Amino acid sequence: MTAVKPGQKVVLAPGVSCGKCSACLAGNDNRCPQFTNLGYLIDGGCAEFVLCPEVNCCSYPENLSFPEAAAIPLVFQTAWHMLLTRARLEPGEDVLVLAAGSGVGSAAIQIAKFFGCRVIATAGNDAKLGKARELGADELINHRTQNIKEEVRRLTAKRGVDMVFEHVGTATWDDSVASLARCGRLVTCGATTGFDAKIDLRFLFSRQLSILGSYMGTKTELRTVLKLVASGKLKPVLDRTFPLAECRLAHEYLESGSQFGKVVLLPD
Ligand SMILES: [Zn+2]
């Protein structure tokens, strides 16, 4: 007896877990000791056929094309877990989203705006900043020509932001910490530019800061995201597609960092 029928369109949750441990049974499947992702330690979606547990099949938002639907799960689930579950986003807060052109960055802008927050977004060129604005970012910082920490101070009348959405790592860490308001939270899911980071412990305790790690998200969070996608509240950000046979070119394109949003492979 299965809930998924042959030929049915589905969106796959990227996280695979045991389904039996306490974490899985509590709905915290991304805390399962055996948690992994399609494409990490197990075969993934860079193929014509994918093998995964039935429980990973989620309802398909019919308003989206296949490439658009493929652009949703990993980044929106990750951003949702960071902002809501880990960092407890509150309506109206000031949120600094680093690297607006990244998959998680473009998702975080939309989620924070959905909750009525003021979003300050960073990117490395004006074209990306313009797209961040279209997604709802209220304030923009060009990290190549402006100093993030100083711009945040200016934009918040020296107060700092309630939350920093990090995933860039070494290159932005010092600015990220310095941009936090008193009792601010920094939540991170990555270290794209490096994993070495320092923090002044006097600054950490006297300003009562929180540093939060976050990894992927739960299937329940993805279902929530997909409902908001189906109703048009959240939108996929698709940069471009490549045929599966041009997988190498797609990776080179990603490494060039010129994309805004997701790059999707299509079967030939
Ligand atoms: Zn488990």
Side-chain angles (χ1 to χ4, degrees), residues 68 71-84 86-87 89 92-156 160-180 184-194 214 217 225 228-229 233-240 253-264:
E68 288 172 331
I72 293 288
L74 194 140
V75 293
F76 273 91
Q77 176 187 27
T78 301
W80 187 277
H81 191 70
M82 291 171 73
L83 293 170
L84 277 300
R86 297 293 288 140
L89 184 71
E93 289 191 313
D94 285 352
V95 180
L96 173 64
V97 175
L98 295 172
S102 63
V104 285
S106 57
I109 291 172
Q110 295 184 63
I111 296 169
K113 286 308 296 179
F114 177 72
F115 285 95
C117 294
R118 179 165 76 131
V119 173
I120 303 172
T122 77
N125 64 54
D126 289 342
K128 288 188 180 185
L129 290 171
K131 289 180 179 170
R133 173 83 76 195
E134 286 171 21
L135 289 179
D138 301 278
E139 310 288 352
L140 307 169
I141 300 174
N142 184 327
H143 68 244
R144 294 201 195 283
T145 59
Q146 294 174 296
N147 179 293
I148 293 174
K149 172 183 65 180
E150 287 170 10
E151 283 303 303
V152 168
R153 276 174 64 81
R154 184 180 67 78
L155 292 166
T156 59
V161 291
D162 302 290
M163 192 189 306
V164 175
F165 184 90
E166 245 292 350
H167 53 104
V168 178
T170 305
T172 51
W173 182 262
D174 290 345
D175 273 336
S176 291
V177 173
S179 296
L180 288 168
R185 297 94 77 202
L186 183 158
V187 60
T188 182
C189 73
T192 312
T193 61
S214 189
V225 161
L228 294 171
V229 169
K233 304 282 198 314
L234 301 175
K235 293 187 170 66
V237 182
L238 179 63
D239 179 88
R240 61 169 292 189
Y253 178 67
L254 277 178
E255 284 174 24
S256 77
S258 48
Q259 76 281 2
F260 190 97
K262 296 293 282 180
V263 173
V264 173

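In this text, all values refer to a predicted model and were calculated from it rather than measured experimentally.
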Notebook entry, point to check: Do you know the tightest heavy-atom contact between Glu166 and Thr172?
Noted result: OE2-OG1, 2.6 Å

Notebook entry, point to check: Atom CD1 of Ile72 and atom CG of Leu228: how far apart are they, to the nearest 0.5 Å?
Noted result: 10.0 Å

Notebook entry, point to check: CG of Leu180 to CG of Asp162: how many Å apart, nearest 0.5 Å?
Noted result: 9.0 Å

Notebook entry, point to check: From Ile141 CD1 over to Glu150 CD, what is the distance, rounded to the nearest 0.5 angstrom?
Noted result: 10.5 Å

Next item on the list: Write down the atom of Phe260, the atom of Lys128, and the distance for their closest heavy-atom approach.
Entry: CE1-O, 3.3 Å

Item checked: side chain to side chain contact (heavy atoms under 4.5 Å, CB included) partner of Thr122, the single match among Val97, Ile148, Asp175 -> Ile148

Check: Considering all heavy atoms of both residues, which atom of Ala137 and which atom of Leu140 are nearest to each other, and what is their separation?
Finding: CB-CD2, 3.9 Å

Check: Does the side chain of Leu83 reach to within under 4.5 Å of the side chain of Phe114, using non-hydrogen atoms?
Finding: no

Checklist line | Minimum side-chain heavy-atom gap Val152-Val164 below 4.5 Å | finding: no

Checklist line | Ser106 and Val75, any side-chain heavy atoms less than 4.5 Å apart | finding: no

Item checked: Thr193 vs Trp173 side-chain heavy atoms within contact, under 4.5 Å -> no

Notebook entry, point to check: Considering only heavy atoms from C-beta outward, does the side chain of Lys262 approach that of Val237 to under 4.5 Å?
Noted result: no

Notebook entry, point to check: From Leu234 CG over to Phe76 CZ, what is the distance, rounded to the nearest 0.5 angstrom?
Noted result: 5.5 Å

Checklist line | For the student: nearest non-hydrogen atoms of Ala121 and Leu129, plus distance | finding: O-CD2, 4.2 Å

Checklist line | Closest heavy-atom pair and its distance - Ile111, Trp80 | finding: CD1-N, 3.7 Å

Check: At their closest point, which heavy atom of Val187 faces which heavy atom of Met163, and how far apart are they?
Finding: CG1-SD, 4.1 Å

Notebook entry, point to check: Quick one: are Gln259 and Leu254 in side-chain contact, heavy atoms under 4.5 Å?
Noted result: yes

Next item on the list: Not counting sequence neighbours, list each pair that qualifies as a salt bridge (charged side-chain N to carboxylate O under 4.0 Å, His left out) and has a residue in residues 108-118.
Entry: Asp94-Arg118, Lys113-Asp138, Arg118-Glu139

Check: If you round to the nearest 0.5 Å, how far is NZ of Lys235 from CD of Glu134?
Finding: 11.5 Å

Note to self: One pair to check against salt bridge (Lys or Arg N to Asp or Glu O under 4.0 Å): Arg154 and Glu151. What are the steps and the verdict?
What the structure shows: CA-CA 5 Å; Arg154 184 180 67 78; Glu151 283 303 303; 2.8 Å; yes

Check: About how many Å separate OG of Ser214 and NE2 of His167, when rounded to the nearest 0.5 Å?
Finding: 12.0 Å

